[in-house]
Amino acid sequence: IQSKTDHTIDSLNEPWSCNNDNEETTKNRLFKEIEIVKDGIGTFTVAYTCDNRVFYGIQDEQARVNINYVSKDVIKNLIDSVAALNPTMTVGNSGDIAAHIKDWIDPDKNGQHDDYSGEGYPRKGAIFDSVDELLLVKGVDQSLLDNIRDYITVYADGKINVNTVPLPVLEALGVSPENARTIIAE
């Protein structure tokens with residue numbers, strides 16, 4: 001973990017994130033109520049939610065698990081971690097869902113794969129182009145996607161930035177809940 005004053009590594013305490021509770025930063029958020037045209041005719045805000053909090057700014061894609069490059073165990077762990085934090089979330093067998101996700105992108109044309117002919121489309125056999133493509137995978141429904149969306153990506157290079165990572169991602173990577181909370185608190 002890098003020092004919060006070392007800006008060679010991104011952290012959520014920098015202006016691009018605008019998420020600390022510093023009074024000066026709160027007054028001058030870079031991404032909140034930005035004027036579209038002069039004279040206050042309109043504004044827009046760049047915001048997102050994560051862990052039931054609203055953040056103003058852009059997101060660090062390296063704080064998320066890239067579903068194209070991680071193992072099915074990491075995907076399973078992520079689903080389980082998010083489900084543990086959300087008692088209303090219902091999910092099927094997370095191990096089976098993770099296997100279906102990895103099978104969807106497996107480029108091997110031979111061997112046994114999930115059959116999607118009943119759905120009217122073939123198994124892709126290539127990496128995901130968007131997170132929403134998960135909805136084509138067996139076992140993934142809108143509810144599951146909505147619950148894991150804040151923790152997954154298809155854009156990052158697979159490295160995780162521990163300075164911006166949320167708890168479920170650390171747990172998915174095998175960090176104990178206690179150690180994950182300690183890392184995030186730093």
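The structure displayed is predicted, hence computed values, not measured ones. The first residue of the sequence shown is numbered 1, and numbering continues consecutively from there.
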* To do: Locate the shortest heavy-atom distance separating Ala83 from Val91; write the atom from each residue and the value.
  => CB-CG1, 4.5 Å
* Asked: According to the salt bridge (charged side-chain N to carboxylate O under 4.0 Å, His left out) rule, which pairs have a member within residues 119-132, sequence neighbours left out?
  -> Glu119-Lys138, Lys124-Asp129, Lys124-Glu133, Asp132-Arg149
* Roughly how far apart are Ile127 CD1 and Asn66 CG, rounded to 0.5 Å? -> 7.5 Å
* Residue pairs, two or more places apart or on separate chains, that pass salt bridge (charged side-chain N to carboxylate O under 4.0 Å, His left out) and touch residues 156-180 -> none
* Asked: Would you say the side chain of Val82 lies within less than 4.5 Å of the side chain of Tyr151, judging by non-hydrogen atoms?
  -> yes
* Measure the spacing between CD1 of Ile152 and CD1 of Ile79 and express it to the nearest 0.5 Å. => 9.0 Å
* Given the rule in the side chain to side chain contact (heavy atoms under 4.5 Å, CB included) test, do Val137 and Tyr116 qualify, once you have shown the distances and angles that lead to the verdict? -> CA-CA 9 Å; Val137 176; Tyr116 286 88; 3.8 Å; yes
* Asked: Under 30°, 30 to 60°, or over 60°: which ring-plane class applies to Trp104 and Phe128, parallel, tilted or perpendicular?
  -> parallel
* Asked: Among all residues two or more places apart in sequence or in another chain, which pass the side chain to side chain donor-acceptor pair (under 3.5 Å) test with Ser117?
  -> Asp115
* Asked: Would a 4.5 Å heavy-atom cut-off, applied to side chains only, mark Ile101 and Lys72 as touching?
  -> no
* Asked: Got a sec, which residues hit side chain to side chain donor-acceptor pair (under 3.5 Å) with Ser71, two or more places apart in sequence or on another chain?
  -> none
* With a 4.5 Å heavy-atom cut-off, do Pro166 and Asp150 have their side chains touching? -> no
* Structure fact -> By side chain to side chain donor-acceptor pair (under 3.5 Å), Asp114 pairs with (sequence neighbours left out) His100
* Asked: Residues in side chain to side chain contact (heavy atoms under 4.5 Å, CB included) with Ser143, at least two apart?
  -> Asp141, Asn147
* Identify the two heavy atoms, one from Ile75 and one from Lys102, that lie closest to each other, and give their separation to 0.1 Å. => CD1-CD, 3.7 Å
* Any chance you could lay out the side chain to side chain contact (heavy atoms under 4.5 Å, CB included) test for Gln142 and Leu135, step after step, and finish with the verdict? => CA-CA 7 Å; Gln142 189 67 54; Leu135 291 172; 3.4 Å; yes
* **Approximate separation, where rounding is to 0.5 Å, of Asp146 CG and Asn86 CG** => 11.0 Å
* Structure fact -> Residues at least two apart in sequence or cross-chain that pass side chain to side chain donor-acceptor pair (under 3.5 Å) with Asn179, listed by chain then number, are Ser176
* **Residue that, paired with Glu61, satisfies side-chain hydrogen bond (donor to acceptor under 3.5 Å, both in side chains) out of Asn161, Thr164, Thr153** => Thr153
* To do: Apply ring pair (Phe, Tyr, Trp, His ring centres under 6.0 Å) to Tyr69 and list each qualifying residue two or more places apart in sequence or on a separate chain.
  => none
* **salt bridge (charged side-chain N to carboxylate O under 4.0 Å, His left out) partners of residues 79-98, not counting sequence neighbours, each pair once** => Lys76-Asp80
* To do: Kindly compute the distance separating CG (Leu173) from CG (Leu78), expressed to the nearest 0.5 Å.
  => 8.5 Å
* Asked: Checking Asn77 side chain against Asp73 main chain: does a donor-acceptor pair fall under 3.5 Å?
  -> yes
* Partner set under side chain to side chain contact (heavy atoms under 4.5 Å, CB included) for Leu170, not counting sequence neighbours -> Val162, Val165, Val175, Ala180, Ile183, Ile184
* Has the side chain of His113 got a donor or acceptor atom that lies under 3.5 Å from a matching backbone atom of Asp108? -> yes
